[in-house]
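Here's the structure we're looking at; comments come further down.
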2 protein chains.
Amino acid sequence: MVIDMNLSIESPLKRPDAPSIPQPSLRRLPQYHHYLVDLEAKGIGRVSCSTIGRDLNLVPIQVRKDLQYTGIIGKPKTGYSVTELILTIETFLGWNNVNEAFLVGAGNLGTALLGHERFSKFGLQIVAAFDSDPQKAGIWIHNKAVLPLDKLADLAQRMSIHLGIITAPAENAQTIADEMVKGGIQAIWNFAPVKLNVPAHIIVHNEDLYSSLASLSWKLARRFRVPIQEREAV
Amino acid sequence: MVIDMNLSIESPLKRPDAPSIPQPSLRRLPQYHHYLVDLEAKGIGRVSCSTIGRDLNLVPIQVRKDLQYTGIIGKPKTGYSVTELILTIETFLGWNNVNEAFLVGAGNLGTALLGHERFSKFGLQIVAAFDSDPQKAGIWIHNKAVLPLDKLADLAQRMSIHLGIITAPAENAQTIADEMVKGGIQAIWNFAPVKLNVPAHIIVHNEDLYSSLASLSWKLARRFRVPIQEREAV
DNA sequence: GTAGATTCAGTATATGGTTATCGATATGAA
DNA sequence: TTCATATCGATAACCATATACTGAATCTAC
């Protein structure tokens with residue numbers, strides 16, 4: 001029943017598994033995590049929502065609400081144990097278990113992701129890259145082999161890979177997604193700016209830079225269009 | 001008064017200019033745009049919300065609502081003119097006017113963005129890159145010069161650059177943001193996973209891959225943790 | 001030319017997420 | 001030991017967005 005749940009682009013028709021945590025809260029958790037790791041490094045043992053809120057520019061209530069979703073239990077007056085909280089968030093997000101992934105599209109963006117070692121801290125391990133361009137097959141990028149696309153399905157199946165990352169151009173994205181599904185991949189992190197057509201049980205997460213750019217450029221355009229401070233419905 | 005409005009991470013304290021369009025709608029517009037350009041290429045002249053909805057997996061009502069924000073006027077029974085709609089969206093998003101931008105952090109991700117020619121179609125023109133590593137200063141990436149960071153503020157001012165892109169590691173992000181502000185940059189597209197501290201009038205847009213990854217890995221973890229179909233509050 | 005179907009526009013309702021309130025509990029100081 | 005204060009946890013109010021509804025406009029077919 002779980003399907004694409006891209007926060008902003010999702011069709012409301014097919015409501016996915018009512019998540020037990022709001023998407024925005026979910027997306028704030030890594031921010032807390034990052035902050036808490038810093039705290040721990042500084043040797044700080046306990047922290048309260050108010051402190052977190054002050055440092056991260058969030059209202060304490062929201063912080064508390066977000067953390068509650070993870071199941072952490074705090075103590076009045078003292079807050080939460082930093083170490084325990086970090087662990088709770090990691091467990092909640094599944095960062096403790098490694099997710100092995102295949103990446104398809106060894107272009108600029110794909111290369112960037114392949115070289116991003118930090119992902120391993122968050123349970124993401126890209127084990128191989130693929131490309132439909134035969135020219136690219138055989139080369140190595142950041143110590144990962146680039147294989148021809150037609151090997152994907154078979155390999156995914158044999159290696160029990162559950163996660164696929166698409167960093168290919170929009171035109172190829174659907175074909176790639178089909179291959180991934182054929183290989184038994186359960187979740188797709190899609191950087192191509194298209195809506196993928198996949199069976200309902202596949203989790204699709206769209207990472208659309210153009211969405212963000214749209215939002216940003218609208219604000220910027222507006223800034224120069226209307227006098228500061230003015231705001232009225234179009 | 002407009003400030004960071006990152007859809008999901010924003011502090012609720014400082015409510016930005018009540019946008020005359022909901023963020024989610026704003027983020028869906030590029031999707032429509034992409035679709036419409038395809039249609040136009042196929043020679044299709046008019047399109048209705050129902051058709052768009054069917055093709056993009058959205059309910060027609062939502063499509064209509066989103067398009068209304070752009071100010072487009074449709075005709076009952078026939079829908080909208082494709083060409084006019086494309087133009088309306090582009091104008092609304094400010095994609096007609098070029099936004100010149102500076103990018104800081106010539107690492108993997110920075111290189112990827114520098115090489116992404118498509119941005120120019122959406123009004124984004126990255127004119128130069130910067131890096132705090134002196135080793136990188138002087139090299140060229142995808143036909144763009146990489147300059148030392150300390151040149152940024154002055155250049156931004158003299159060239160009237162309004163947009164800055166941060167693709168540097170989290171540790172350096174704040175310093176870079178400070179430089180950008182000093183140079184008169186109005187909006188920052190921040191790919192570093194930290195909350196930037198900038199004056200209220202600066203537009204900050206956070207593009208946090210870890211947020212997305214969190215969301216994705218939570219769903220995946222959940223998939224294997226709870227039997228399919230089960231869904232209950234934590 | 002008229003009837004019927006389709007779609008747009010504007011208004012109303014429902015849902016989900018955020019913010020505020022309240023009581024309970026632990027800590028630290030008197 | 002007792003009191004004041006900070007903080008948690010739960011519930012409730014509120015707000016933004018998504019969805020539904022109604023009426024008017026336009027096209028097509030007869």
Side-chain angles (χ1 to χ4, degrees), chain A residues 5-29 32 45-54 56-82 84-85 88 215 231 233-234, chain B residues 5-29 32 45-54 56-82 84-85 88 215 231 233-234:
Chain A
M5 182 46 198
N6 181 310
L7 183 51
S8 46
I9 312 275
E10 179 46 17
S11 155
L13 266 181
K14 1 160 160 174
R15 227 161 240 304
D17 251 353
S20 47
I21 173 173
Q23 283 287 317
S25 296
L26 194 47
R27 295 176 65 93
R28 274 188 294 268
L29 287 179
Y32 301 132
R46 300 194 69 84
V47 67
S48 73
C49 290
S50 337
T51 311
I52 299 177
R54 180 168 40 71
L56 296 182
N57 262 314
L58 297 164
V59 281
I61 295 171
Q62 187 170 42
V63 177
R64 191 171 308 128
K65 212 82 204 304
D66 289 341
L67 298 184
Q68 274 181 19
Y69 289 116
T70 67
I72 185 85
I73 296 178
K75 259 201 216 167
K77 183 79 178 186
T78 60
Y80 305 91
S81 148
V82 173
E84 189 191 344
L85 190 45
T88 307
S215 174
R231 96 278 311 275
V234 171
Chain B
M5 181 46 200
N6 180 308
L7 182 51
S8 46
I9 310 274
E10 179 46 17
S11 156
L13 267 182
K14 4 163 163 173
R15 242 190 210 292
D17 251 355
S20 48
I21 173 172
Q23 282 288 317
S25 297
L26 193 47
R27 295 177 64 93
R28 273 187 296 266
L29 287 180
Y32 300 133
R46 300 194 70 84
V47 67
S48 73
C49 290
S50 338
T51 311
I52 299 178
R54 180 168 40 71
L56 295 181
N57 261 313
L58 297 164
V59 282
I61 294 171
Q62 187 169 43
V63 177
R64 191 169 310 127
K65 217 77 205 306
D66 290 340
L67 297 184
Q68 273 181 21
Y69 289 115
T70 67
I72 184 87
I73 296 178
K75 258 203 213 163
K77 182 79 179 186
T78 61
Y80 305 91
S81 148
V82 173
E84 189 192 346
L85 190 45
T88 306
S215 173
R231 96 278 310 275
V234 170

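Fair warning: this is a prediction, and the values are worked out from it, not measured in the lab. Here is how names work: the chains are called A, B, and so on, in the same order as the sequence lines, proteins then strands, and each is numbered from 1.
Taking for each of A:Lys77 and B:Ile73 the nucleotide of DNA chain C with the nearest heavy atom, the 5'-most of the two is the partner of B:Ile73.
Nearest heavy atoms, A:Gln62 versus A:Tyr32: O-OH, 4.2 Å. Contact record, B:Cys49 with B:Pro60: CB-O, 3.8 Å, taken as the closest heavy-atom pair. Between A:Leu29 and A:Asp66, the shortest heavy-atom contact is CD2-O, 4.3 Å.
Between B:Lys65 atom NZ and C:dA9 atom C1' there is a gap of 10 Å when expressed in whole angstrom units. One atom, CZ of A:Arg64, and another, P of C:dA20, lie 12 Å apart when rounded to the nearest Å. When rounded to the nearest whole Å, the span between CG of A:Leu67 and P of D:dT7 equals 14 Å. Atom-to-atom, NZ of B:Lys75 to C1' of D:dT28 comes out at 14 Å; the value is rounded to the nearest Å. One interatomic measurement links the two molecules: CG of A:Leu26 to C1' of C:dT18, which rounds to 16 Å at whole-angstrom precision. Remark: C1' of D:dC14 and CD1 of A:Ile61 are 13 Å apart, rounded to the nearest angstrom. Distance A:Ile52 CD1 to D:dC8 C1': 13 Å, rounded to the nearest Å. Whole-Å rounding puts the A:Gln68 CD to C:dG17 C1' distance at 14 Å.
In the set D:dA18, C:dT18, D:dT26, the nucleotide with an atom closest to the side chain of B:Pro76 is D:dT26. The nucleotide whose nearest atom lies closest to any side-chain atom of A:Pro22 is, among C:dC8, D:dA18, C:dT18, C:dT18.
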task: With side-chain contact (heavy atoms from CB on, under 4.5 Å) as the test, would you mind laying out the steps for B:Ser215 and A:Gln23 before giving the verdict?
output: CA-CA 7 Å; B:Ser215 173; A:Gln23 283 287 317; 3.3 Å; yes
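Between B:Tyr69 and the phosphate of D:dA18, there is no side-chain N or O to OP1/OP2 separation shorter than 4.0 Å. Between B:Arg46 and the phosphate of D:dC27, there is no side-chain N or O to OP1/OP2 separation shorter than 4.0 Å. OP1 or OP2 of D:dT7 has at least one side-chain nitrogen or oxygen of A:Ser50 nearer than 4.0 Å.
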